[in-house]
4 protein chains.
Amino acid sequence: MARPRKDDKRARILQAAVKVFARKGYFAARVSEIAKKAGVADGTIYLYFRNKEDLLVSLFDEVMAAHLEAGRQEMKAAPGPAARLLRMAEHHLRALGENRDLAVVFQVELRQSTKFMERFTASWLQDYFQLLYGVIEEGQRAGVFRPELPKKLVAKALFGALDEMVTSFILSGKDYDLAGLAAPVVDLFLRGVAVPGKVAHARPVLAATGAGRGGK
Amino acid sequence: MARPRKDDKRARILQAAVKVFARKGYFAARVSEIAKKAGVADGTIYLYFRNKEDLLVSLFDEVMAAHLEAGRQEMKAAPGPAARLLRMAEHHLRALGENRDLAVVFQVELRQSTKFMERFTASWLQDYFQLLYGVIEEGQRAGVFRPELPKKLVAKALFGALDEMVTSFILSGKDYDLAGLAAPVVDLFLRGVAVPGKVAHARPVLAATGAGRGGK
Amino acid sequence: MARPRKDDKRARILQAAVKVFARKGYFAARVSEIAKKAGVADGTIYLYFRNKEDLLVSLFDEVMAAHLEAGRQEMKAAPGPAARLLRMAEHHLRALGENRDLAVVFQVELRQSTKFMERFTASWLQDYFQLLYGVIEEGQRAGVFRPELPKKLVAKALFGALDEMVTSFILSGKDYDLAGLAAPVVDLFLRGVAVPGKVAHARPVLAATGAGRGGK
Amino acid sequence: MARPRKDDKRARILQAAVKVFARKGYFAARVSEIAKKAGVADGTIYLYFRNKEDLLVSLFDEVMAAHLEAGRQEMKAAPGPAARLLRMAEHHLRALGENRDLAVVFQVELRQSTKFMERFTASWLQDYFQLLYGVIEEGQRAGVFRPELPKKLVAKALFGALDEMVTSFILSGKDYDLAGLAAPVVDLFLRGVAVPGKVAHARPVLAATGAGRGGK
DNA sequence: GATGAATGAGCGTTCATTCAT
DNA sequence: GATGAATGAACGCTCATTCAT
């Protein structure tokens with residue numbers, strides 16, 4: 001009845017690609033297997049994507065665009081910098097915790113070459129970091145975040161911590177509540193490990209770090 | 001007269017492998033190119049390693065063994081939990097900041113499949129985490145680290161943050177002082193982003209974090 | 001109102017095919033490119049032609065039919081055997097010299113397989129040779145052509161010489177007056193290279209020449 | 001016993017290629033079939049040749065080099081221009097008449113694209129023509145060949161006639177004495193079709209023809 | 001131990017052709 | 001008649017690995 005239109009096929013191919021990439025890995029994934037799982041002929045894939053790599057890249061770009069926009073909206077609604085960080089963290093962990101295959105593709109397959117990594121960094125991560133920068137500066141202006149901390153360092157550290165939660169989740173093979181880790185991670189970031197007043201500065205905080213990722 | 005030629009060749013092959021893997025990526029790396037750079041015949045590689053994958057795995061295992069032992073020693077010498085975290089962070093960042101090719105292999109090439117990731121997790125990361133656990137518990141017992149924080153979460157977050165520093169360093173293409181980031185990162189972890197007293201708990205800290213990586 | 005659209009489309013497709021075959025070669029020519037240049041959909045081509053090969057064959061048959069009939073007429077009008085040979089040669093060279101794309105298709109693309117060659121031989125070349133045979137026999141009966149020469153040999157030699165002029169023209173990339181070569185070539189054939197009386201028979205002329213082309 | 005050395009394999013591959021190209025045509029020929037017929041693995045072909053096309057081109061270049069050198073030697077030994085033309089024609093027809101597969105490759109497969117044709121023209125044919133030019137000029141200086149004939153035209157016409165004999169031989173499917181046609185063809189060229197004195201000039205001989213083949 | 005010539009399995013991609021609309 | 005999205009068979013080439021020397 002409903003005519004299976006172009007976008008239907010494209011979407012089915014992408015869904016199939018996520019599954020196959022996640023299970024086999026990008027290199028071991030066979031285009032013909034993706035086609036089979038999508039219910040189309042091998043050649044049909046090439047009507048929608050330039051080649052195998054374009055499948056991965058398109059997957060990435062489209063998921064990222066949607067994810068980031070949703071994250072932006074969600075964050076806006078939160079009251080104050082601390083709550084915003086929490087929202088972002090929850091959004092990050094929820095998105096990947098809800099779709100294990102997608103998470104595998106993002107945590108593992110997309111990082112198998114500096115080429116992909118650089119693309120990842122240049123497109124998604126920069127935007128993600130911009131959001132974080134905004135929140136951090138806001139917190140510093142409001143006097144609730146330590147003003148001497150370099151925002152780039154903070155953003156990288158927070159992203160790195162969350163990223164590790166996702167990777168750990170993937171590799172655990174278990175299905176616990178990944179998004180539930182957002183709160184303790186953010187709390188850890190906000191208040192630190194040390195009992196206040198009990199730990200002296202390890203060393204004075206250095207100024208800055210030079211380039212952000214990909215600042216080539 | 002004849003010195004252990006064997007080890008000489010084996011080492012030369014591993015050195016060549018690091019370079020080629022770093023420059024081309026594991027899949028695009030050609031065994032014949034590694035052989036050429038090592039100054040041996042293609043077949044000779046198979047006298048020392050089972051196959052191409054074994055090259056990567058051996059590389060990883062040997063570097064890791066040395067690195068972890070060194071880290072363990074270095075940490076021991078540090079006075080108190082906070083200083084020990086800093087030593088570990090410095091050791092981590094120094095080792096990878098000093099050898100860009102090796103860092104590329106560890107940050108990128110070794111993560112291109114869940115298979116490698118799992119091995120990575122099972123061998124190195126668990127030991128690394130054990131070291132961190134010890135320090136964290138020591139800090140908690142000493143009353144300088146917040147006792148309610150789950151040590152697994154703290155360890156993952158710290159590792160994730162450092163890991164992101166390395167990845168960022170790799171992708172930046174620049175050659176700044178990576179190890180110098182250890183101090184600010186550890187400071188951030190110890191004291192947190194928030195100005196003490198200014199930020200309420202985002203939410204109560206949850207207890208569990210699920211499994212550690214690789215708890216399959 | 002509606003004029004024969006059908007023939008219009010068919011003709012446009014053939015014209016497009018000549019161009020694309022000439023520029024890309026038969027194998028590298030894409031049916032879709034021919035369709036595009038003809039301004040029709042890919043599938044439309046299959047309403048007029050059985051398949052890609054049929055495009056080439058139809059092209060060949062139709063051009064040949066017209067060409068040969070024209071040649072026959074033109075030849076008839078010529079006074080005497082020598083003039084007739086000249087007319088044929090001029091007709092041959094003019095037809096191909098005026099349309100470079102067509103010449104490429106006839107000299108190159110139609111000869112890429114023994115299958116096409118055989119078809120070429122069986123249809124066009126036999127008729128062409130029949131015309132030549134008639135003229136040669138006429139000349140021999142009239143006592144102006146050497147009676148001992150086997151007509152098949154003469155016909156093949158003349159055709160081969162003209163054919164080489166066309167091929168040479170194609171490959172030169174230049175646009176000189178190909179038809180103008182008809183006269184000197186025919187003169188060469190009629191009178192020979194040797195100064196009369198100065199060259200003895202190299203060897204006695206053999207009788208038979210075996211089969212004509214395609215005498216399978 | 002005798003170590004099957006490198007050249008042995010290379011030669012076997014080329015021999016197999018001639019057969020397969022001749023029977024199937026270049027495009028339809030499968031590399032794996034050539035390998036099989038040569039008794040080597042598919043990949044072995046690529047140790048000796050860059051790719052499939054290089055098989056054809058190498059075949060051509062090597063056969064041509066040998067053929068042309070032999071032709072040059074044979075011609076030298078002949079007494080006078082007329083005998084030399086005959087020797088060249090015999091050599092040409094003999095070489096191809098003796099190896100039908102090779103003849104098919106040279107007459108058909110090597111001419112399926114302007115790319116190959118141009119290569120053919122640039123390398124072999126130019127040398128062949130140079131030999132002919134020498135003989136023609138010698139004949140003209142000696143007063144036995146008509147001085148007003150442009151040597152390029154004569155060379156092309158003679159080559160074209162011989163070439164057509166070979167093509168005709170190939171397509172006939174019969175196995176007559178191709179080389180035996182050399183004498184009558186050369187006789188025809190030397191003395192012409194016309195009975196001396198019986199045929200007037202068709203038209204005055206034009207001066208020249210511009211470029212030879214490939215004179216782009 | 002060392003060599004490097006030989007192996008051959010394995011797959012991304014193209015494109016002539018079809019057929020539902 | 002016309003369309004063009006979809007099909008899927010077909011293959012050149014690479015390269016990790018082996019093994020005779």
Side-chain angles (χ1 to χ4, degrees), chain A residues 3-6 8-10 13 27-36 38-55, chain B residues 2 5-6 8-10 27-36 38-55, chain C residues 2 5-6 9-10 26-36 38-55, chain D residues 3-6 8-10 13 27-36 38-55:
Chain A
R3 291 167 287 162
R5 260 290 52 100
K6 237 190 137 171
D8 174 52
K9 246 169 205 151
R10 191 187 151 87
I13 292 169
F27 277 96
R30 300 299 150 223
V31 171
S32 61
E33 190 180 348
I34 295 173
K36 199 176 177 185
V40 301
D42 291 17
T44 304
I45 289 184
Y46 293 86
L47 295 178
Y48 295 95
F49 303 94
R50 258 191 312 285
N51 50 35
K52 188 182 174 185
E53 183 182 323
D54 189 39
L55 266 178
Chain B
R5 273 265 152 237
K6 206 183 155 174
D8 175 50
K9 260 187 189 136
R10 190 187 153 86
F27 277 96
R30 301 298 155 225
V31 171
S32 61
E33 190 180 349
I34 294 173
K36 197 176 177 188
V40 300
D42 292 16
T44 303
I45 287 184
Y46 292 86
L47 297 175
Y48 295 94
F49 302 93
R50 255 193 316 285
N51 50 35
K52 187 182 173 184
E53 184 181 322
D54 189 38
L55 267 178
Chain C
R5 276 264 152 239
K6 209 183 153 173
K9 261 186 188 134
R10 191 186 152 86
Y26 175 75
F27 276 95
R30 301 298 155 222
V31 172
S32 62
E33 191 181 348
I34 295 174
K36 196 176 176 187
V40 300
D42 292 17
T44 303
I45 288 183
Y46 292 85
L47 297 176
Y48 295 94
F49 303 93
R50 253 192 318 284
N51 50 35
K52 187 182 174 184
E53 184 181 321
D54 188 39
L55 266 177
Chain D
R3 292 166 288 162
R5 262 286 57 100
K6 236 190 135 171
D8 172 53
K9 244 167 209 154
R10 191 188 152 86
I13 292 169
F27 278 96
R30 301 296 148 224
V31 171
S32 62
E33 191 179 348
I34 295 173
K36 198 175 177 185
V40 299
D42 291 16
T44 303
I45 289 184
Y46 294 87
L47 295 177
Y48 296 94
F49 304 93
R50 256 191 314 285
N51 48 37
K52 189 182 172 185
E53 183 182 323
D54 188 39
L55 267 177

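So you know, we letter chains A, B, ... as the sequences are listed, proteins then strands, and number each from 1.
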Exercise. Side-chain contact, heavy-atom cut-off 4.5 Å: C/L55 with C/Y48?
Worked result: no
For this session: Mind checking A/A28 for me? I need base, sugar-phosphate or nothing, with any heavy atom below 4.0 Å counting as a touch.
Result: nothing
Seminar exercise, completed: Judged by nearest nucleotide, the residue sitting upstream toward the 5' end of DNA chain E, B/A41 or D/V40, is B/A41
Problem set entry | Considering all heavy atoms, the nearest D/T44-D/I13 contact | O-CD1, 4.4 Å
Problem set entry | Shortest side-chain distance from B/V31, nucleotide among F/dA16, E/dT13, F/dT7 | F/dA16
Exercise. Is the distance from OP1 or OP2 of E/dA2 to the nearest side-chain N or O of B/K9 less than 4.0 Å?
Worked result: yes
Exercise. Between D/K52 and F/dC13, is there a side-chain N or O to OP1/OP2 distance below 4.0 Å?
Worked result: no
Problem set entry | Of D/S32 and B/A29, the one whose closest DNA chain F nucleotide lies more 5' | D/S32
Exercise. How many Å lie between NZ on C/K36 and P on F/dA5, as a whole number?
Worked result: 13 Å
Problem set entry | Assigned partner base of F/dT21, Watson-Crick or wobble definition, under 3.5 Å | E/dA2
Exercise. Atom CZ in A/R10, atom CG in A/L47: separation rounded to 0.5 Å?
Worked result: 12.0 Å
Exercise. Reckon B/R30 has a side-chain N or O less than 4.0 Å from the OP1 or OP2 of F/dA16?
Worked result: yes
For this session: Specify the separation, in whole Å, of atom CZ of A/F27 and atom C1' of E/dG10.
Result: 15 Å
Exercise. What's the CG-P distance between B/D42 and F/dT21, to the nearest Å?
Worked result: 19 Å
Seminar exercise, completed: Between CD1 of C/I45 and P of E/dC15 the distance, given in whole Å, is 15 Å
Problem set entry | Lys NZ or Arg CZ of C/K52 over C/Y26 ring: under 6.0 Å, within 45° | yes
For this session: Report the distance from atom CD of A/E53 to atom P of E/dC11, rounded to the nearest whole Å.
Result: 18 Å
Problem set entry | Spacing between D/E33 atom CD and F/dC11 atom P, to the nearest angstrom | 10 Å
Seminar exercise, completed: pair_partner(E/dG12), Watson-Crick or wobble, both distances < 3.5 Å, evaluates to F/dC11
Problem set entry | Under-4.0 Å side-chain N/O to phosphate OP1/OP2 contact, D/Y48 with E/dA6 | yes
Seminar exercise, completed: Smallest heavy-atom separation, C/D42 atom then C/A35 atom, equals OD1-CB, 3.6 Å
Problem set entry | Rounded distance in Å - CZ (C/R10) to P (F/dG1) | 12 Å
Seminar exercise, completed: Contacts of A/G43 and B/T44 projected onto DNA chain E by closest heavy atom; the upstream (5') one is B/T44
Seminar exercise, completed: note: A/I34, atom CD1; F/dT7, atom P; distance rounded to Å ~ 15 Å
Seminar exercise, completed: Considering only heavy side-chain atoms of B/L47, the closest of E/dG1, F/dA6, F/dT18 is E/dG1
